[in-house]
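Working notes, structure below.
Proteins get letters first, then strands, A, B, ... in listed order; numbering begins at 1 in each. Fair warning: this is a prediction, and the values are worked out from it, not measured in the lab.
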Amino acid sequence: MPPSPPFPPPPPATEDELLQRAARLAGATLAELAAQAGQRVPHDLRRHKGWVGQLLERHLGASAGSAPEPDFPQLGIELKSLPLDRRGLPRESTYVCVVPLEGGQTGHWEGSLLQRKLARVLWLPVEADPGLVLAERQVGVALLWSPDAAEQAQLRRDYEELMELVAYGRLEELDARFGEVLQIRPKAAHSRVRGSSVGPDGAPLQVNPRGFYLRPSFTAGLLQRHFQG
DNA sequence: GCGTGATCATGA
DNA sequence: TCATGATCACGC
């Protein structure tokens, strides 16, 4: 019997180590990964929405917890699971990070939390067709991605456009339709949650917290860029 | 309560 | 079918 590796594993020391761990997940079912983690597979995700992502985090040794920084701080790499439908297209937008609603951030792309989180992302595709039982869904081949010049430019344009509205206190007229590849949507336990922001006149204002999300068309594009033509 | 992990549920 | 706005669970 080969010795069982420790579980959960410690944070990967190098990028290669992370990639090797991720490669071993390809083809595994969620049932297999849950068993290795000593967990039971929920019947559905309705009350376990982050379960798949957190299971993958544990298998890879992610350490950042809920801190606002990449999942592997030493490596500067963010981990994202990507739920795919039967066509291989993303079913959902991808949450990236909270939108800074009051000061602190300049609105400049460089150095922003969003830019740091998207600088290097380990995408882990996971089957997510509604017709597939959760336990039988398989993990796909991981992709360590950085935005290319075009993607970077588009992200930056959207970020600056969106943050300009935020900076001018025009949050109330900002909705999910803004942004070509990046959007801002509510991100809270529920719609009654309030957080501090600033109104158009500069006066303090309490609003529902927001998050940055990548549109499915954007993640579909980066998958195609790497796995197809 | 906040930021993380996300998916759900509804209307167009 | 699809995007938006709403919501669920966890660690601290």
Side-chain angles (χ1 to χ4, degrees), chain A residues 8 11 25 30 33-34 37-73 77-105 112-114 116-118 121-134 137 139 158 162 165 171-197 206-221:
Chain A
L25 300 184
L30 296 183
L33 298 184
Q39 296 183 25
R40 308 193 49 172
V41 181
H43 282 105
D44 61 64
L45 294 176
R46 246 185 322 176
R47 294 192 172 272
H48 305 270
K49 294 183 179 179
W51 182 76
V52 175
Q54 291 174 349
L55 180 64
L56 297 175
E57 281 188 343
R58 287 176 63 80
H59 275 270
L60 295 176
S63 61
S66 64
E69 58 186 19
D71 295 295
F72 304 96
I77 295 175
E78 174 75 7
L79 174 65
K80 287 293 176 196
S81 65
L82 197 52
L84 303 184
D85 66 17
R86 72 181 76 197
R87 301 167 297 179
L89 298 177
R91 292 201 65 212
E92 297 284 351
S93 55
T94 300
Y95 171 71
V96 182
C97 62
V98 68
V99 177
L101 294 180
E102 52 172 1
Q105 307 262 336
S112 66
L113 178 58
L114 187 83
R116 283 191 292 126
K117 284 209 168 191
L118 294 182
V121 179
L122 185 66
W123 297 99
L124 218 35
V126 180
E127 289 181 327
D129 192 275
L132 271 178
V133 175
L134 189 55
R137 297 181 186 179
V139 177
D158 282 354
L162 294 168
L165 289 171
L171 205 58
E172 301 303 344
E173 56 189 280
L174 199 178
D175 64 29
R177 293 171 296 187
F178 287 78
E180 289 184 46
V181 301
L182 192 66
Q183 63 181 173
I184 285 180
R185 304 219 306 275
K187 172 59 171 166
H190 49 77
S191 57
R192 285 93 64 202
V193 172
R194 304 280 97 173
S196 297
S197 74
Q206 299 295 109
V207 301
N208 192 225
R210 315 297 168 93
F212 286 113
Y213 295 78
L214 297 173
R215 296 186 184 277
S217 54
F218 181 80
T219 48

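For R194(A), the salt bridge (charged side-chain N to carboxylate O under 4.0 Å, His left out) test picks out no residue, with sequence neighbours left out. In this structure, the side-chain contact (heavy atoms from CB on, under 4.5 Å) partners of S196(A), at least two apart in sequence or on a different chain, are E102(A), Q206(A). With sequence neighbours excluded, the residues that form a salt bridge (charged side-chain N to carboxylate O under 4.0 Å, His left out) with K80(A) are E78(A). With sequence neighbours left out, R192(A) forms a salt bridge (charged side-chain N to carboxylate O under 4.0 Å, His left out) with no residue at all. With sequence neighbours left out, P11(A) forms a side-chain contact (heavy atoms from CB on, under 4.5 Å) with S63(A).
First and last contacting nucleotides of DNA chain C toward chain A (any atom under 4.0 angstrom from a heavy atom, 5' to 3' order): dC2(C) to dG11(C).
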- prompt: Could you run down nucleotides 2-8 of chain B 5' to 3' and tag each one B, S or - for protein heavy-atom contact under 4.0 Å?
  reply: SBBBBBB

Would you mind writing out the side-chain donor-acceptor pairs for residues 38-56 of chain A within the sub-3.5 Å range, not counting sequence neighbours?
| from | atom 1 | to | atom 2 | distance (Å) |
| --- | --- | --- | --- | --- |
| Q39(A) | OE1 | W51(A) | NE1 | 3.0 |
| D44(A) | OD1 | R46(A) | N | 2.8 |

Scan the side chains in residues 64-73 of chain A for donor-acceptor partners under 3.5 Å anywhere in the protein, sequence neighbours excluded, and list what turns up.
| from | atom 1 | to | atom 2 | distance (Å) |
| --- | --- | --- | --- | --- |
| D71(A) | OD2 | L79(A) | N | 2.7 |

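Nucleic acid contact class of R192(A) (heavy atoms, under 4.0 Å, all strands): sugar-phosphate only. As judged by a 4.0 angstrom heavy-atom cut-off over every strand, A189(A) is placed among the base-contacting residues. At the heavy-atom level, R86(A) lies nowhere under 4.0 Å from the strands shown.
Of the two residues contacting DNA chain C, namely R177(A) and H190(A), the nearest-nucleotide position lying further toward the 5' end is that of R177(A).
A pairwise comparison of heavy atoms in F212(A) and V98(A) identifies CD1-O, 3.9 Å as the closest pair.
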